[in-house]
Amino acid sequence: MVEKKVASGKELLMSIIGLIIAIILAVLALGIANWGIGVFGIEEDVSKAAALIAVAVIIGPTIAAFATKKYF
């Protein structure tokens, strides 16, 4: 029974580390998206929102996959 708690603790730690990495990558991806908006001269608010939503659509499931361990 003690071994199961240790394994669960390791799994929890790996999930937390994975979630932190996913959040860092999400922030990096949004930063790159903002940079791309500036580089390509997207100035309309709707176009900016569409670009950021497109990035968020990719990032959201990635973070969910790390959090729920559905990536195996």
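The figures here come from the full heavy-atom set of this structure, side chains too, leaving out hydrogens, waters and symmetry mates.
- Taking the side-chain contact (heavy atoms from CB on, under 4.5 Å) definition, one finds that Ala29 meets it with Val55, Ile59, sequence neighbours left out.
- Residues meeting the side-chain contact (heavy atoms from CB on, under 4.5 Å) test with Leu52, sequence neighbours left out: Leu30, Ala33, Asn34, Ile37.
- Other residues sharing the hydrophobic cluster of Val57, ordered by chain and number and joined by side-chain separations under 4.5 Å: Ile53.
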